[in-house]
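Side chains are part of it too, since the values below use all heavy atoms of this structure and drop only hydrogens, waters and symmetry mates.
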Amino acid sequence: MDVMKGTTSAVFHACRSMEGLNAILADEYMLDVVKMSVGYALKKLLTMEVFLLDKLSSTREVMPEVAALVFVEPSRANLEVLESELNDPKYSVYSIYFSRAPPDDSFLNSLAAADVFQRVRRVEVLFLNFLPIDDKLFSLSLPRLISPARHMRPSSRHYCVEGVVSLCASLKIKPRVRFQQSSSECEVIANHINTLCTADTYDKDSLLLVLDRRMDVVTPLLVPWTYRAMVHDFFGIVKNIIDTSSLTETIEDRVFSAAHDLFLKHHKDSHIADVVQTVPLLKRDMKQFAQLREDLKSTTDVAAMAKIVDQIPALKDKNDIAAKHLKILIEVNEFYKKNNIHVDDDTSMLLLQLRVCVERKGIFLKELKKVLAGSTFRHAEKLRLALLFAAKHNAYAETSKLLQEFGLDQFCSTIDALQQYYGDCEAKRLPYNAFQLVAKASAFNKDEAEYGMFAHAPLLAHILQDLKDEKLSATDFPGCDMAAEKQRIKKLVVFIVGGATYEEAKIVSRFSEITGIDTVLGGSMIHNFDSFCDDIGSSK
């Protein structure tokens, strides 16, 4: 199963369906899907004679020689825009591709009635109602799922269901569905997916597992230490684009897509120290390209010149990737040092955040006071420790008083929000304890033993281990069809309601490699510390 390949194939299928010049028109969500599918490299679309990529709602000139490829979600709002477009067509013909099945026949009847000039040549469903992050990771880009009443908003629930159903259709699987029993939201979503996705017929070897983010609040609160996760935590990655607003270096190519960047594909889950070791190789690639350009300037031999010209595209791509990652690594290193993420083994946020999870309350309380009173760490890291301490010991009021005592009153609202989100929620009631397991090695991160003091296994790693060993409780993780008994699976989709993380994506990737079970991870969001705090704040 390949998430990115599924969306890219669908987009290319649409582009090749029309001869001659084409323009892609899309709603905002589908515009992101198309761009992410081609790695924001629009030159790939040019090879299929697609010269324009624009929002359907924008104002455009009449182009009678151009065919329009329309990618939209079948919503009522988009129907109105389509009706307006077809009443005053700008293009010769229209091929309309919906991201999921239209809600009912009246929707298509309205569309047909609007086509008064008979310009629509094709209407097709491509199942693209999700954002492809890489080959094994997808997002629905749905922040703030939980309402102030601590229930999921109906619209958010609908988009979760439609997104996962679309993903399964794209991957061409009809999985059995299991869910986290302690989460009512997981149960509702799983049952809706089961009804829409399987239609009473299942693939015997495929499974969808629906989990709740509140089963493990530890993972999104920790400072990660793998490359992609660290870049996301320090700077932010949205729809495979790095937020460079806080960077000192100018990075022109902000695309951060493992499916379109070989260096990132190979190193996205590597420890940051290992990635830093590749700097000489990055510099070598840049030097090779610089030398090639010099050779081109100095040579007078036509054959030699032709040979150099043939090498330029590939070496330029390597040079551009190397230059980008070199700048990013410099920024990561500066951030790391400036904010004292790891000063030494005794003064390390990476170690402190694990200690707060495993040490007894009285022992770590002294350390927490020392950190809050000191100036070694920035406020964000102090808040991380405070949130972890409050959640582990159910000490929300006590933690708020501590923050007030040390002049950090502005973070008391975040502590209160975490209590509302996690304090007494049913979703955390599982036979696993995220805090107790935080530093326990799993089979899927054994190769990180040399970084033992930083090792963190997300709770998902232990759930996947039990699933592989056919020990996953049918009581805690029942099946929608009342058949959650042992199942030999070859294909697995894990969806986390409330958002996944890149650290969990790393675990899923290694789980696939080690077990041979083809596994894909998805979430309503891909969280970092800031987005998770924003999410829990919305539930207050």
Notebook entry, point to check: Do Thr501 and Glu504 get their side chains close enough for a donor-acceptor pair, meaning under 3.5 Å?
Noted result: yes
>> Pair Lys136, Asp2 - check salt bridge (charged side-chain N to carboxylate O under 4.0 Å, His left out), show working.
In response: CA-CA 6 Å; Lys136 297 298 180 185; Asp2 189 321; over 6 Å; no
Side chain to side chain donor-acceptor pair (under 3.5 Å) against [X], all qualifying residues, sequence neighbours excluded:
| X | answer |
| --- | --- |
| Glu334 | none |
| Ser531 | His527, Asn528 |
| Ser170 | none |
| Asp261 | His325 |

Honestly, is Arg214 close enough over Tyr421, meaning NZ or CZ under 6.0 Å from the six-membered ring centre and within 45° of the axis?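 Flagged: Arg214 positioned over aromatic ring of Tyr421.
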Would you call [X]-[Y] a salt bridge at under 4.0 Å N-O?
| X | Y | result |
| --- | --- | --- |
| Glu503 | Lys506 | yes |
| Asp535 | Arg144 | no |
| Lys5 | Asp134 | no |
| Lys491 | Asp518 | no |
| Glu252 | Lys324 | no |

Does a sphere of radius 6.0 Å around [atom1] in [X] hold more than 12 heavy atoms from other residues, nucleotides or ligands, not counting ones at 6.0 Å or beyond?
| X | atom1 | result |
| --- | --- | --- |
| Lys44 | NZ | yes |
| Glu28 | CD | no |
| Gln410 | CD | yes |

Q) Looking at residues at least two apart in the chain, or sitting in another chain, which of them share a side chain to side chain contact (heavy atoms under 4.5 Å, CB included) with Thr7? A)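 Once residues adjacent in sequence are excluded, the partners of Thr7 under the side chain to side chain contact (heavy atoms under 4.5 Å, CB included) criterion are Met4, Ser37, Leu128, Phe130, Pro132.
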> Which residues pass the side chain to side chain contact (heavy atoms under 4.5 Å, CB included) test with Ala391, sequence neighbours left out?
Replying inline: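 Checked Ala391 against side chain to side chain contact (heavy atoms under 4.5 Å, CB included); matches are Val217, Tyr396, Leu418, Tyr422, Phe435.
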*How about Tyr29 and Tyr159: are their ring centres within less than 6.0 Å of each other?*
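Here the rings of Tyr159 and Tyr29 have centres that are no less than 6.0 Å from each other.
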query: Is the side chain of Arg384 donor-acceptor paired with the backbone N or O of Leu221 at a distance under 3.5 Å, no angle test?
result: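 Checked: pair present.
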Per side-chain contact (heavy atoms from CB on, under 4.5 Å), Arg254 is matched among Ile237, Val238, Ile241, Asn240 by Ile241
The ring pair (Phe, Tyr, Trp, His ring centres under 6.0 Å) partner of Phe256 among Tyr227, Phe263, Tyr502 is Tyr227
